[in-house]
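Worksheet: the structure to be examined is printed underneath.
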Amino acid sequence: MNIFKHKTIEIRQFINLTLYQHYKTLNSTKPRINNQNYPRRQRSHIPFVANLKEIEDPDKALSLFQEYHQTGYKHDYPSYSALIYKLARSRRFEAVDTVLAYLQDNNVRCKDTLFIALFQHYGKLHLVDKAVELFNRIKGFNCARTLQSFNALLNVLVDNDRLFDAKDLFDRSSKMGFRLNAVPFNILIKGWLEKGEWNEACKVFDEMLERKVEPSVVSYNSLIGYLCRNGELDKAKDLFKDMTKKGKRANAVTHALLMEGVCSVGEYKEAKKMLFDMEYNGCKPKNLNFGVLMNDLGKRGEIEEAKALLLEMKKRRFKPDVVIYNILINYLCREGKVAEAYKILFEMQIGGCEANAVTYRTLVDGFCHIGDFEGGLKVLNAMLVSRHFPRVETFNCFIAGLLRSGNIDGICFLLEEMGKRQVGPDYDSWEALVKYYCSGHEGSELVNEVLISVKQY
């Protein structure tokens with residue numbers, strides 16, 4: 001198992017999440033209102049909602065709802081919506097349907113945010129038809145369909161590879177009374193590009209222009225990103241120039257996409273120059289721009305240069321985020337410099353940057369890779385204290401290593417933690433543990449005792 005290949009994928013996903021987060025914008029751009037001079041309106045205390053927050057079990061949540069109802073308490077929209085959100089997060093969609101029926105029967109006035117949230121939950125589980133059916137029923141809940149709910153459904157269709165259904169919904173937008181802005185066009189462009197259909201994406205872009213809808217920076221970023229990922233840098237640069245000529249100001253994401261494209265053909269210096277050019281042109285660099293550079297340095301094994309880039313960031317008063325640190329930690333571990341990576345963990349925490357699951361997983365796997373299971377156990381313990389969970393493969397790797405070193409306390413600790421999370425050792429780990437017990441080594445009885453408590457998993 002190449003754990004560092006796995007880590008690189010995780011880091012890459014973090015970078016992509018930052019670069020392409022604009023895809024998920026479903027709301028129209030609204031003017032920001034400065035509320036500084038207005039007193040904040042206090043929310044009224046709702047007993048049911050307050051009690052519901054303390055409950056994790058969806059069945060208990062439903063029981064609480066019924067108990068309040070039986071005492072004569074009249075549930076209103078906040079009560080219904082809070083319960084539906086909890087049920088949807090637990091994937092109890094039959095119960096969601098029941099509560100929605102209560103809402104409809106009692107003619108409770110709803111907000112479209114409830115339906116948008118449900119569309120997103122349905123979309124994650126590929127229950128696309130349920131999302132479509134609910135969108136068609138929104139008016140029956142004393143709620144108007146909005147452009148935001150339209151965009152949310154469109155996004156669910158696109159994310160679930162239902163592009164032709166998405167196009168059909170898009171074409172019916174005017175009959176539904178929607179005046180489209182750039183967002184639904186961007187969602188369709190995203191969908192076609194993800195399927196590699198450049199010409200179809202360009203048709204949507206052209207239609208946007210024909211309908212006098214002004215492309216947003218997201219529109220250009222989608223197209224530029226696709227060209228860069230497919231090695232068509234000249235076309236991407238031409239589109240960037242066209243964008244600026246038309247008065248559309250590029251943002252940090254635009255530059256990051258171009259920088260990534262330039263790095264992919266081995267032109268790191270040009271990418272770094274772009275970092276300064278964007279600042280000269282009035283676009284302040286962000287962590288994602290430095291992340292592109294650091295990722296490229298790491299891939300090429302230029303670890304000292306990557307560390308120097310981190311120092312440069314700090315000198316220029318940029319505060320590195322967890323993604324930046326994770327990139328550096330990942331490549332240090334790949335080079336076997338786990339002790340250095342461990343120091344980076346302390347450095348980031350002292351600087352006020354909290355480690356996340358990827359940080360800990362990378363370090364724990366790094367210690368496992370070099371065979372330092374004692375050092376790795378310290379990081380693993382800190383990870384668990386921080387309420388992050390390692391991969392099951394990591395647990396099994398540690399069991400094998402700690403057995404070799406005879407660390408019985410460490411093995412028992414791992415087995416207990418696995419038991420708490422209802423996961424058990426894999427076949428190889430079970431075999432090694434059974435052999436250890438049968439050999440009569442010191443502490444084997446204790447290992448067996450712990451094994452009995454977790455073997456049900």
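Here, residue 1 is the first one in the sequence, and each next residue gets the next number.
- With rounding to the nearest 0.5 angstrom, the CG atom of Leu384 is 8.5 Å from the OG atom of Ser386.
- A salt bridge does not link Asp321 to Lys286: none of the charged nitrogens lies less than 4.0 Å from a carboxylate oxygen.
- Using a 4.5 Å heavy-atom cutoff, the side chains of Thr394 and Arg361 are not in contact.
- Between the side chains of Tyr122 and Asp129, no donor-acceptor pair is found at a separation under 3.5 Å.
- Contact record, Gln349 with Ala355: NE2-CB, 4.4 Å, taken as the closest heavy-atom pair.
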For this session: Apply side-chain contact (heavy atoms from CB on, under 4.5 Å) to the pair Leu297 and Arg300, showing each step before the final yes or no.
Result: CA-CA 5 Å; Leu297 289 171; Arg300 292 188 286 109; 3.4 Å; yes
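- The backbone N or O of Val183 sits less than 3.5 Å from a side-chain atom of Asn181, completing a donor-acceptor pair.
- Between Val364 and Cys368 there is no side-chain heavy-atom pair separated by less than 4.5 Å.
- A donor and an acceptor atom, one from each side chain of Thr146 and Asp112, are located under 3.5 Å apart.
- Side chain of His75 to backbone of Phe65: a donor-acceptor contact under 3.5 angstrom is found.
- Taking the six-membered ring for Trp and the full ring otherwise, the centers of Tyr85 and His121 sit at least 6.0 Å from each other.
- A 4.5 Å side-chain heavy-atom check between Phe389 and Phe395 finds at least one atom pair inside the cut-off.
- Going from atom SG of Cys263 over to atom CG of Leu293 covers 5.5 Å, rounded to the nearest 0.5 Å.
- The side-chain heavy atoms of Asp365 and Glu393, taken from C-beta on, include no pair separated by under 4.5 Å.
- A side-chain donor-acceptor contact under 3.5 Å links Asp159 and Asn155.
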For this session: Please assess Leu163 against Val158 for the test side-chain contact (heavy atoms from CB on, under 4.5 Å), listing each intermediate value before the final yes or no.
Result: CA-CA 5 Å; Leu163 266 166; Val158 166; 4.1 Å; yes
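- With a 4.5 Å cut-off on side-chain heavy atoms, Leu169 and Phe135 count as touching.
- Counting heavy atoms from C-beta outward, Tyr73 and Glu67 have side chains that stay 4.5 Å or more apart.
- Counting all heavy atoms, side chain and backbone alike, Pro390 lies closest to Leu380 at CG-CD1, 3.5 Å.
- Taking the six-membered ring where the residue is Trp, the centroids of Phe48 and Tyr80 are separated by 6.0 Å or more.
- Remark: SG of Cys143 is not found under 2.5 Å from SG of Cys110.
- Minimum interatomic distance between Asn289 and Met259 (heavy atoms only, all atoms of both residues): O-CE, 3.4 Å.
- At most 12 heavy atoms of other shown residues, nucleotides or ligands fall within 6.0 angstrom of atom OH in Tyr280.
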For this session: Under the salt bridge (Lys or Arg N to Asp or Glu O under 4.0 Å) rule, what do Glu200 and Lys203 come out as? Steps first, then yes or no, please.
Result: CA-CA 5 Å; Glu200 292 297 329; Lys203 284 179 187 176; 3.4 Å; yes
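- Aromatic pair Phe205/Tyr220: ring centres closer than 6.0 Å.
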Exercise. Does the side-chain contact (heavy atoms from CB on, under 4.5 Å) test come out yes or no for Glu354 and Val322, once each step is laid out?
Worked result: CA-CA 7 Å; Glu354 189 176 343; Val322 68; over 6 Å; no
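- Sparse packing is recorded around CD of Glu214, with 12 or fewer heavy atoms of other residues, nucleotides or ligands lying under 6.0 Å away.
- The existence of a salt bridge linking Lys273 and Glu270 is excluded, since no basic side-chain nitrogen approaches an acidic carboxylate oxygen closer than 4.0 Å.
- Counting all heavy atoms, side chain and backbone alike, Leu87 lies closest to Ala95 at CD1-CB, 3.9 Å.
- For the pair Arg145/Phe150, no side-chain contact is recorded, criterion being any heavy-atom separation below 4.5 Å from C-beta on.
- Taking a 6.0 Å sphere around CZ of Arg316, one finds it holds more than 12 heavy atoms contributed by other residues, nucleotides or ligands.
- Heavy-atom minimum distance, Met243 versus Ala250: CE-CA, 3.5 Å.
- Taking CG of Leu227 as the reference point, atom CG of Leu193 lies at 8.5 Å (rounded to 0.5 Å).
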Problem set entry | Test log, rule side-chain contact (heavy atoms from CB on, under 4.5 Å), inputs Arg334 and Asn330 | CA-CA 6 Å; Arg334 283 186 70 175; Asn330 175 58; 4.1 Å; yes
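- In this structure, Leu180 and Arg211 approach most closely via the heavy-atom pair CD1-NH2, 3.8 Å.
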For this session: Could you check Lys272 against Glu312 for salt bridge (Lys or Arg N to Asp or Glu O under 4.0 Å), going step by step and ending with a plain yes or no?
Result: CA-CA 12 Å; Lys272 189 162 187 186; Glu312 183 183 330; 2.9 Å; yes
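- Between Tyr68 and Pro47 there is a side-chain heavy-atom pair separated by less than 4.5 Å.
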